[in-house]
Amino acid sequence: MFLAAYKPGLRLRELAEMDPSRLVNHHLVTALVESPDFAELRRETVGDPYAAALAVLAQSGALRRMLERSQDARGRGERAARDRRAAEGAATAVADALRQAAEEAAEDGGVPAPTADALHRAIAAAEATGSAARLAAQDAARGATAVPGLKAAAHRAAAEAAEAVREESVLMRAWGVGSGELERMPYARRARLAERLRAGRLARWAELIGRFRQMADGERARKVESTAGELVGVTLGDDLSRLIPSELANLGLPELRAVFAARYAAGELMLYDSRGERPTGRGAVIACVDTSHSMYAAGPGGVTREAWSKACALALLDQARHAGRDFVGILFSAEDRIQVFRFPAGRSAGIEQVLDFAETFLGGGTSYQVPLTVARELLEEEFDGAAATRGDIVMITDDECGVTEEWRRGWNEARRVLGFRLFGLAVGAPGAAEAGSVLDALCDNLRSIEDLTDVHAAADLFRLI
């Protein structure tokens with residue numbers, strides 16, 4: 001079964017090639033590989049020893065039950081195998097008796113009576129055992145095909161294996177573990193990783209994490225960076241890079257060139273008008289994720305605020321990697337509870353560190369000042385070390401709390417010097433995003449997230465960062 005899942009070229013031996021004691025196995029394997037689900041299973045397992053082993057393990061219970069159900073047929077096959085070996089032994093005895101007769105034959109061809117009798121007995125025994133072997137083989141063949149429910153059970157086993165392998169593949173992809181990385185990963189480590197992913201805090205939200213990452217990837221493809229932006233109409237001006245075709249045509253007519261020059265000087269050339277977006281940052285991307293007790297709360301579809309927030313943060317990690325920017329994940333709750341995870345640009349982030357970030361939950365209350373102060377200090381450190389500015393901080397929270405006036409003055413001064421932006425996501429807490437709230441005063445860009453099943457609620461965030 002392992003080779004059936006693993007080998008690129010799959011060929012089952014002909015029945016005639018099989019030992020009678022293995023006919024049941026042949027029918028069982030045939031039923032499995034002819035299942036439509038097995039073809040789907042092989043798309044995930046061919047060439048991947050871990051996935052092939054997983055497929056066998058997923059089918060092991062069903063295989064055991066099928067083998068137990070086929071005990072009678074297996075017994076018939078073993079009897080047929082014994083009778084076949086007996087017939088082969090009898091045929092060998094006939095050959096030996098013939099050689100003995102040839103050696104003892106006289107010149108006229110006569111054979112001594114004892115030798116002739118031995119030959120006749122060997123032939124009779126060979127005919128009897130051969131007939132018994134044929135009957136036993138026929139009985140074994142009928143028994144192998146008559147195991148009740150074998151084909152249905154085999155199809156169910158293939159479907160279960162395909163589902164198990166598919167779920168693990170989806171789980172790995174959702175967490176950003178590529179097939180190339182999996183192929184290089186030792187078997188034992190991959191098994192431990194799979195178990196951790198299945199048993200982790202966010203295991204049931206793998207599909208949400210995957211959708212978030214796909215959405216962010218799509219928004220990256222749409223993002224406008226250092227270009228004119230989305231075309232919305234025609235306007236007047238002197239930007240030669242946005243001339244409409246009819247204005248360009250005027251340059252080809254000598255008699256209109258003077259008119260073109262006059263309109264250019266007056267800023268009255270017809271240009272494409274566009275709605276541009278502020279260029280993305282170059283400094284670090286910092287996700288401050290609230291992990292206070294209230295983040296346990298579930299919204300529509302049973303999605304928790306924590307799950308949505310962590311999925312968004314992991315998509316921001318992808319965003320930073322794609323742009324060659326540092327990423328920092330800051331998990332916070334009360335003033336004395338904070339944990340920082342750093343993912344420098346250009347350095348591969350191990351999946352274990354990503355999981356540590358995603359699965360850590362601190363509990364407690366909520367404090368804005370501590371995580372935002374840490375984020376500001378990180379950007380100051382980056383500015384001092386590499387003169388990098390225009391970092392982006394994303395504050396994801398479901399609560400509102402105050403900040404001191406002194407702290408706010410320091411924050412505003414740092415923002416003026418470093419040029420960073422603060423994006424706010426109020427998850428399941430519309431009041432925290434209302435006009436006049438603390439978040440509203442601090443953030444350059446603030447939105448309220450109420451439908452936690454909708455990953456597109458934060459789509460434009462990935463075009464701006």
Side-chain angles (χ1 to χ4, degrees), residues 1-13 25-67 150-218 311 314-315 318 321 348-352 354-355 358-359 455:
M1 284 311 307
F2 174 81
L3 293 176
Y6 176 72
K7 287 175 69 69
L10 176 60
R11 183 186 72 84
L12 294 180
R13 294 183 183 275
N25 292 15
H26 189 284
H27 281 287
L28 192 154
V29 174
T30 300
L32 281 166
V33 300
E34 289 180 350
S35 165
D37 290 293
F38 198 81
E40 181 182 346
L41 173 68
R42 278 176 52 82
R43 282 196 286 272
E44 300 285 352
T45 61
V46 167
D48 186 338
Y50 176 90
L54 177 63
V56 175
L57 292 173
Q59 296 175 92
S60 60
L63 288 170
R64 239 179 248 112
R65 290 190 295 273
M66 284 186 277
L67 290 173
L150 179 67
K151 183 170 288 189
H155 285 196
R156 283 195 300 273
E160 289 171 6
E163 181 63 21
V165 173
R166 182 169 52 249
E167 283 181 359
E168 182 157 313
S169 178
V170 168
L171 195 61
M172 293 292 185
R173 284 196 293 267
W175 283 95
V177 186
S179 57
E181 184 179 355
L182 288 175
E183 289 172 5
R184 295 188 300 272
M185 195 177 291
Y187 185 94
R189 183 184 169 204
R190 184 168 170 181
R192 288 194 301 271
L193 172 61
E195 181 59 30
R196 183 176 179 185
L197 291 178
R198 283 192 292 267
R201 284 180 61 83
L202 301 183
R204 48 185 296 224
W205 311 118
E207 189 268 342
L208 174 70
I209 294 168
R211 285 196 294 121
F212 236 113
R213 284 179 144 153
Q214 289 176 355
M215 178 275 292
D217 189 55
L314 291 172
D318 290 347
R321 282 174 172 170
S348 177
I351 180 62
E352 286 82 5
V354 174
L355 284 171
E359 293 179 352
V455 300

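Bear in mind the structure is a predicted one, so any value in this text is a computation, not a measurement.
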Leu202 vs Leu208, test: side chain to side chain contact (heavy atoms under 4.5 Å, CB included). Steps then yes/no. CA-CA 10 Å; Leu202 301 183; Leu208 174 70; over 6 Å; no
Verify side chain to side chain contact (heavy atoms under 4.5 Å, CB included) between Arg196 and Ile351, making sure each step is shown before the conclusion. CA-CA 11 Å; Arg196 183 176 179 185; Ile351 180 62; over 6 Å; no
Are Leu10 and Leu3 close enough, and set up right, to give a side chain to side chain contact (heavy atoms under 4.5 Å, CB included), and what steps lead you there? CA-CA 8 Å; Leu10 176 60; Leu3 293 176; over 6 Å; no
Take Asp217 and Asp318 through the test side chain to side chain contact (heavy atoms under 4.5 Å, CB included) and record every step on the way to the result. CA-CA 8 Å; Asp217 189 55; Asp318 290 347; over 6 Å; no
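A donor-acceptor pair is defined here as one N or O able to donate and one able to accept, closer than 3.5 Å; no such pair exists between the side chain of Ser169 and the backbone of Val165. Side-chain atoms of His26 come within 3.5 Å of backbone atoms of Arg13 as a donor-acceptor pair (strictly under, hydrogens ignored).
With respect to Glu195 and Arg192, no salt bridge is recorded, no charged nitrogen being found less than 4.0 Å from a carboxylate O.
Separation of atoms CD (Glu160) and CG (Leu41) is listed at 12.0 Å; rounding is to 0.5 Å. Atom CG of Leu54 is separated from atom OG1 of Thr45 by 9.5 Å, given to the nearest 0.5 angstrom. Rounding to the nearest 0.5 Å places CD of Glu167 at 11.5 Å from CD of Glu44. Within the model, atoms CG of Leu314 and CZ of Phe212 stand 10.0 Å from one another, a figure rounded to the nearest 0.5 Å. Between atom CG of residue Leu32 and atom CG of residue Leu28 there is a gap of 5.5 Å, rounded to the nearest 0.5 Å.
Pairs passing the salt bridge (charged side-chain N to carboxylate O under 4.0 Å, His left out) check and including a residue from residues 49-67, sequence neighbours excluded, do not occur.
The shortest heavy-atom contact between Ala55 and Ala161 is O-CB, 3.7 Å. For the pair Asp37 and Ala159, the tightest heavy-atom approach, listed with the atom from each and the gap, is OD2-CB, 3.5 Å. The minimum heavy-atom distance linking Val46 with Lys7 is given by the pair CG2-O, 4.0 Å. Minimum interatomic distance between His155 and Ser35 (heavy atoms only, all atoms of both residues): CD2-CB, 3.5 Å.
By the ring pair (Phe, Tyr, Trp, His ring centres under 6.0 Å) test, Phe38 pairs with no residue at all, sequence neighbours left out. Remark: Glu168 engages Tyr50, Arg198 in a side-chain hydrogen bond (donor to acceptor under 3.5 Å, both in side chains) (not counting sequence neighbours).
Using a 4.5 Å heavy-atom threshold, the side chains of Arg42 and Val33 count as separate.
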